[in-house]
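So the structure is just underneath, and the comments pick up after that.
No hydrogens, no waters, no symmetry mates; every other heavy atom, side chains included, goes into these values. Residue numbers start from 1 in every chain, and the chains themselves are labelled A, B, ... in the order their sequence lines are given, proteins ahead of strands. Quick caveat, the model's predicted, so the values are computed rather than measured.
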Amino acid sequence: MKRIPLSALLGLTIVAAYFLAAIFAPLIAPYGMADAVGGVWEPSSAQYWLGTDSIGRDLLTRMIYGGRTTIAIAVAATLLSFGTGATLGFTAATLGGWVDQALSRFIDLIMAIPSLIFALVVLSVMPVTVGTLILVMGLLDSTRVFRLARAVAVDITVMDYVEAARLRGEGQIWIIFREVLPNALSPLVAEMGMRFIFQVLFISTLSFLGLGVQPPMADWGGIVKENKDGIVYGVTAALYPAIAIATLAISVNLVADWILNRTTSLKGGRNG
Amino acid sequence: MHPVVKLLAQRIALGILLLLAASVLIFGGTQILPGDVAQAILGQQATPVALANLRAQMGLNDPAYIRYFHWLFGAMHGDFGTSLANGSDVATDIAGRLANTLFLAATAAIIAVPTAITLGLISVRYQGRWPDKVISAVTLATVSVPEFLLGYILMFFLAVEYPIAPSVSTIYDSMGFFEKLHAIVLPVMVLVLVVLGHMMRMTRAAILNVMQSAYIETAELKGIRPFLVIFRHAFPNAVSPVVNVVMINLAYLVVGVVVVEVVFVFPGMGQYLVDHVAKRDVPVVQACGLVFAAVYIGLNMLADVISILANPRLRHPK
């Protein structure tokens, strides 16, 4: 086992802390998610570590539950975008020909419209539920995963071992999942961190605009929306999500960098 | 036909085709509901009569493709229909707001583009040393925070703690040019910070790519000062990728304004779109979606056109 570099260790610790806080939110949070426990925008004190929000709920509690919602939605959307994007990307690269052309041009078209605008257009008629949000965010972002997966897989499909598998008479499904997928994994895993962060920013933006997670459920973008009017009175409640999102983003990047380095050096080790 | 003209014609035709296809997607995006739009607008408690009236008003009794062509034909003639929320003419509303949004985005671009290119040149000159590291750390921080949070951070420090700029950027037609400029200081700063990071990083990468060429080594061996090597020899050869980077970021800027406008209550396209998405005002959403897509596709097309024109290799066919 190689020594983990300090930066990756730091990133890993912070990411793990966020995920644990998200999973065990009801056990950690000092109060109930929607309970009004104090006055409006009380400053931080021993009783309310981060103070209270616009309707007197404990802000630390809101941040912990908010992280739970934000992270859960971002994870689900990332998994959906990788499932869809990678499968379609590998299929396009392995089959080639008109399938590749049709898929690639369609993806080009979707990417010609900015994601946020397209999401807003779709959300104007869809009911805004957690399920719809994950579906819209995941599918829109799968276009980027598709491009990466296809680019990586095109290089793999010309390898001798893929040729050998074809001559053995393996089916397309086998080639995609047993030959291409394992060899394309390391760039995809590194990209996964980036996409996850993108989804965190995306859902926060939608919630901030009032078109994402609906109250009384807490999420980081929503906390900004609920407390933004306090800013002009010098209340910092709306700024805490900024710290949470920025630290999570930087930590995930540190871990993703380390995974990329580690997997590439492993591959080098195996070959000689 | 001259090959450059042919390439340009192809690229412009592709852009128009893309815009047409995008209009299908935007129109289709508002039709994918399992029920129909009228039901979604009025909710579950709607009476059948109200539903029937709204369906007739929106022309929902026609098949989707007829409605699409009807809408597209109107849009091409500057007719986007009327708003469901307040009955006003969508095209008139958009015209005023689009001008405001373009004013905001253009001001941000005028500041961001030269700054990004200068910072890119500086970090190439001092590659791996402290100026490069400082620039790259700061830009990494600004791209890791979403626009709206950056907006509130700036608002907290520059409008509340040390009030040097207004926290709300409402502008009116009656305001003078400099009054307007003062009103939009904070949103412009946010937009500049957001695109600066991307633009500077991509500029740096584009110039570093050129720096590995043999002629750069020759120039260095001749003993030219490092800044001149970069400015005279590397930069001209990196113009095409840099222009591309700038255009892509301008396209991003036009979309980034959506959130920034909401933060600073700026009367532009973004605020208009977001308000009417919440009201399920489909004609307005479709029109805004199409305008945003057109600007985005247009800027991307312009990027390709400029890089075709800037590439001398394409001008002299073999």
Next item on the list: Working to the nearest 0.5 Å, report the span between CG of B/L302 and CG of B/L250.
Entry: 9.0 Å
Check: Who wins among A/D108, A/L248, A/L209 for the most heavy-atom pairs under 4.5 Å with chain B?
Finding: A/L209
Margin query: Side chains of A/S204 and A/S207: any donor to acceptor distance under 3.5 Å?
Written below: no
Margin query: Testing the 3.5 Å rule here: is there a donor-acceptor pair between the side chains of A/R105 and A/Q101?
Written below: yes
Margin query: For B/L273, which atoms come within 4.5 Å of any heavy atom of chain A: side chain, backbone, both, or neither?
Written below: side chain
Next item on the list: Determine the option with the most heavy-atom pairs under 4.5 angstrom with chain B, choosing from A/L116, A/N253, A/T205, A/L123.
Entry: A/T205
Next item on the list: For the pair A/W220 and A/Y18, name the ring-plane relationship: parallel under 30°, tilted 30 to 60°, perpendicular over 60°.
Entry: perpendicular
Next item on the list: Taking only Lys NZ, Arg NE, NH1 and NH2, and the carboxylate oxygens of Asp or Glu, determine whether A/D219 and A/R68 approach each other closer than 4.0 Å.
Entry: no
Check: Does A/R144 make a cation-pi contact with A/F198 (under 6.0 Å, within 45 degrees of the axis)?
Finding: yes
Margin query: Among A/V121, A/V200, A/I197, A/I245, which residue has the highest count of heavy-atom pairs closer than 4.5 Å to chain B?
Written below: A/V121
Next item on the list: Measure A/A249 against the heavy atoms of chain B and call it side chain, backbone, both or neither at under 4.5 Å.
Entry: side chain
Item checked: Part of A/L211 lying under 4.5 Å from any heavy atom of chain B -> side chain
Item checked: Among the listed options B/F148, B/Y152, B/F292, the residue most often paired with chain A at heavy-atom distances under 4.5 Å -> B/F148
